[in-house]
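Following: one structure in structure tokens, then a few remarks.
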2 protein chains.
Amino acid sequence: MILDSETKATELPDDHRDEIRLWLRLLTCTTLIEGEVRSRLRERFDVTLPRFDLMAQLDKVPDGMTLSDVSKRMMVSNGNVTGLVERLVESGHIDRRTSDADRRVQVIRLTKAGRAEFRKMAAEHELWIADIFGELTPKDVRELMRLLAKTKGSAQKSAKARTA
Amino acid sequence: MILDSETKATELPDDHRDEIRLWLRLLTCTTLIEGEVRSRLRERFDVTLPRFDLMAQLDKVPDGMTLSDVSKRMMVSNGNVTGLVERLVESGHIDRRTSDADRRVQVIRLTKAGRAEFRKMAAEHELWIADIFGELTPKDVRELMRLLAKTKGSAQKSAKARTA
DNA sequence: CCAGATTTCTTTAGGGTTCAAGTAATTGGC
DNA sequence: GCCAATTACTTGAACCCTAAAGAAATCTGG
């Protein structure tokens with residue numbers, strides 16, 4: 001069987017070149033899109049992507065959330081959130097107060113101005129994303145969603161196995 | 001026709017929620033995997049991801065490449081490369097010299113030690129990636145490759161249209 | 001030849017990011 | 001009630017990253 005001998009010849013014992021290529025392509029795609037969104041946010045609103053992301057988290061919860069929640073949701077370190085929040089409080093986009101129930105906890109919320117500003121940015125952001133993914137059909141989108149969900153599951157399992 | 005009225009009811013004039021969700025999922029996947037790789041590189045070899053990436057670029061070209069080439073390949077700014085290279089020269093992993101033909105140009109190469117070190121890391125890295133994507137079938141991998149290629153094309157077109 | 005444009009790289013200022021260590025508040029077992 | 005463990009956050013050191021401005025070398029059109 002020709003295919004078999006060819007397979008043996010090109011991909012020796014354990015070859016994972018395809019997975020490596022997939023990872024590089026995934027990374028390239030994300031970097032490309034992330035850079036594009038970053039540029040547009042800067043150009044159009046003079047805001048950074050992390051600030052926008054943090055505000056997006058807060059926009060979903062009227063009563064605010066704790067720094068730890070933000071840290072988990074954004075998948076970044078606690079120390080990172082501390083600095084981000086500091087700058088957003090400074091610029092008047094968010095509002096921070098110490099929890100009454102637990103004085104270790106800081107609860108942050110969008111200010112009125114912050115929310116208005118975010119909504120404006122989010123509306124344009126949605127159009128950019130639609131344009132960036134514009135050549136994908138609805139079927140492509142569904143299929144990508146499915147495969148990425150599977151990928152996420154696989155990665156989480158692998159990460160869990162390492163940490164355990 | 002039921003589908004039509006349903007469509008009208010749920011997705012008003014221009015709804016791009018699916019694309020937004022796709023983008024967030026893509027970002028989550030990449031962040032997750034990138035964090036995992038970053039942790040393992042640090043744990044196992046005490047090296048950062050950007051350093052590993054730069055060395056990976058250099059491993060492909062025996063005669064070295066210019067800083068601009070690296071910058072384009074890695075999709076990062078020139079100034080960033082300057083700093084990265086400085087630290088890698090310092091640690092003895094790479095070697096830099098000024099081009100004879102054009103004295104503006106710096107050519108960098110892996111040193112013997114740097115190449116050996118990289119090959120060791122790359123071998124393990126390949127296994128990590130294989131594990132992280134382990135639950136995907138070969139068909140999943142092919143399909144993802146195809147859809148991500150399409151996504152990349154779409155994003156590049158959008159970016160080009162904006163810059164133009 | 002030579003002045004202006006371009007290219008390559010570096011520098012600077014301002015963020016963003018992690019990890020590790022530290023502080024303060026709370027919880028839980030005894 | 002008290003002390004140890006845990007939790008929430010902050011701080012500090014080191015690195016990564018960008019955009020913008022600048023320096024040096026090269027190229028180009030006259």
Side-chain angles (χ1 to χ4, degrees), chain A residues 27 30-32 34-55 64-91 93-94 96-108 163, chain B residues 27 30-32 34-55 64-91 93-94 96-108 163:
Chain A
L27 191 54
T30 302
T31 304
L32 191 61
E34 198 172 336
E36 187 60 22
V37 171
R38 195 185 296 275
S39 291
R40 298 200 198 198
L41 280 175
R42 177 185 204 77
E43 226 171 61
R44 196 70 187 76
F45 300 109
D46 194 32
V47 74
T48 65
L49 187 50
R51 276 166 160 90
F52 178 80
D53 286 343
L54 200 160
M55 292 173 81
M65 50 200 303
T66 69
L67 298 205
S68 293
D69 287 341
V70 173
S71 169
K72 281 185 200 92
R73 295 296 205 98
M74 293 180 71
M75 300 196 282
V76 300
S77 67
N78 277 345
N80 190 1
V81 172
T82 296
L84 264 176
V85 164
E86 200 169 286
R87 287 182 286 268
L88 278 168
V89 168
E90 175 69 25
S91 65
H93 290 93
I94 69 176
R96 112 194 276 172
R97 62 182 174 73
T98 302
S99 163
D100 295 325
D102 184 338
R103 279 177 307 176
R104 288 168 308 180
V105 174
Q106 303 283 323
V107 178
I108 56 175
T163 312
Chain B
L27 191 53
T30 301
T31 304
L32 191 61
E34 197 172 335
E36 187 59 22
V37 171
R38 197 185 295 275
S39 290
R40 298 199 199 199
L41 280 175
R42 177 185 205 76
E43 228 171 59
R44 195 69 187 78
F45 300 109
D46 193 32
V47 75
T48 65
L49 187 49
R51 275 167 160 90
F52 178 80
D53 286 344
L54 200 160
M55 292 173 81
M65 51 200 302
T66 70
L67 298 205
S68 293
D69 286 341
V70 173
S71 170
K72 282 184 201 93
R73 295 296 204 97
M74 292 181 70
M75 299 195 283
V76 299
S77 68
N78 277 346
N80 190 2
V81 172
T82 296
L84 263 176
V85 164
E86 201 169 285
R87 287 182 287 269
L88 278 168
V89 167
E90 174 69 26
S91 64
H93 290 93
I94 68 177
R96 114 196 274 171
R97 62 183 174 73
T98 303
S99 163
D100 295 326
D102 184 339
R103 278 176 307 175
R104 288 169 305 180
V105 174
Q106 303 284 322
V107 178
I108 57 175
T163 312

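Keep in mind it's a predicted model, so treat the numbers as computed, not measured.
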Requested in this report: Would you kindly give the CE-to-C1' distance between A:Met75 and C:dT18, to the nearest whole Å?
Outcome: 15 Å
Requested in this report: Output yes when at least one side-chain N/O atom of B:Arg38 is less than 4.0 Å from OP1 or OP2 of C:dC19, else no.
Outcome: no
Got a sec, which residues hit side chain to side chain contact (heavy atoms under 4.5 Å, CB included) with [X], two or more places apart in sequence or on another chain?
X        : answer
B:Asp102 : B:Ser99, B:Arg104, B:Val105
B:Arg97  : B:Val107, B:Arg109
A:Leu32  : B:Lys152, B:Ala155, B:Gln156
B:Gln106 : B:Leu67, B:Arg96, B:Thr98

Report task. Starting at CD of B:Glu34, measure out to CG of A:Leu27 and round the result to the nearest 0.5 Å. Result -> 5.5 Å
Are any protein N/O atoms closer than 3.5 Å to N/O atoms in nucleotides 7-12 of chain C? If there are, list each pair with its distance.
unit_1	atom_1	unit_2	atom_2	d
C:dT7	O2	B:Arg104	NH1	2.5
C:dC9	OP1	B:Gln106	N	2.7
C:dC9	OP1	B:Gln106	O	3.3
C:dC9	OP2	B:Ser68	N	2.7
C:dC9	OP2	B:Ser68	OG	2.4
C:dT10	OP1	B:Arg96	NH2	2.7
C:dT10	OP2	B:Thr82	OG1	2.7

Please list every donor-acceptor pair under 3.5 Å in which a side-chain atom of residues 42-52 of chain A meets a protein atom from a residue at least two apart or in another chain.
unit_1	atom_1	unit_2	atom_2	d
A:Glu43	OE2	B:Arg162	NH1	2.9
A:Arg44	NE	A:Glu124	OE1	3.1
A:Arg44	NE	A:Glu124	OE2	3.0
A:Arg44	NH2	A:Glu124	OE2	2.6
A:Thr48	OG1	A:Arg51	N	3.4

Query raised in the report: Should B:Leu54 and B:Ile108 count as side-chain neighbours, where that means a heavy-atom distance under 4.5 Å?
Result: yes
Query raised in the report: Mind checking what makes side-chain hydrogen bond (donor to acceptor under 3.5 Å, both in side chains) contact with A:Ser91, not counting sequence neighbours?
Result: A:His93
Query raised in the report: Can you list the residues that meet the side-chain hydrogen bond (donor to acceptor under 3.5 Å, both in side chains) rule with B:Asn78, with sequence neighbours excluded?
Result: B:Ser71
Query raised in the report: For residues 69-91 of chain B, which residue pairs qualify under salt bridge (charged side-chain N to carboxylate O under 4.0 Å, His left out), counting only residues two or more places apart or in two chains?
Result: none
Can you pull every protein N or O that's under 3.5 Å from an N or O on nucleotides 2-5 of chain C?
none

Report task. Anything under 4.0 Å to a heavy atom of chain A counts; send over the first and last such nucleotide of DNA chain D, read 5' to 3'. Result -> D:dT7 to D:dA19
Query raised in the report: Between residues 43-55 of chain A and DNA chain C, which residues have a heavy-atom gap below 4.0 Å?
Result: A:Thr48, A:Pro50, A:Arg51
Report task. Check the pair B:Val76 / B:Leu84 against side-chain contact (heavy atoms from CB on, under 4.5 Å), numbers first and verdict last. Result -> CA-CA 11 Å; B:Val76 299; B:Leu84 263 176; 5.6 Å; no
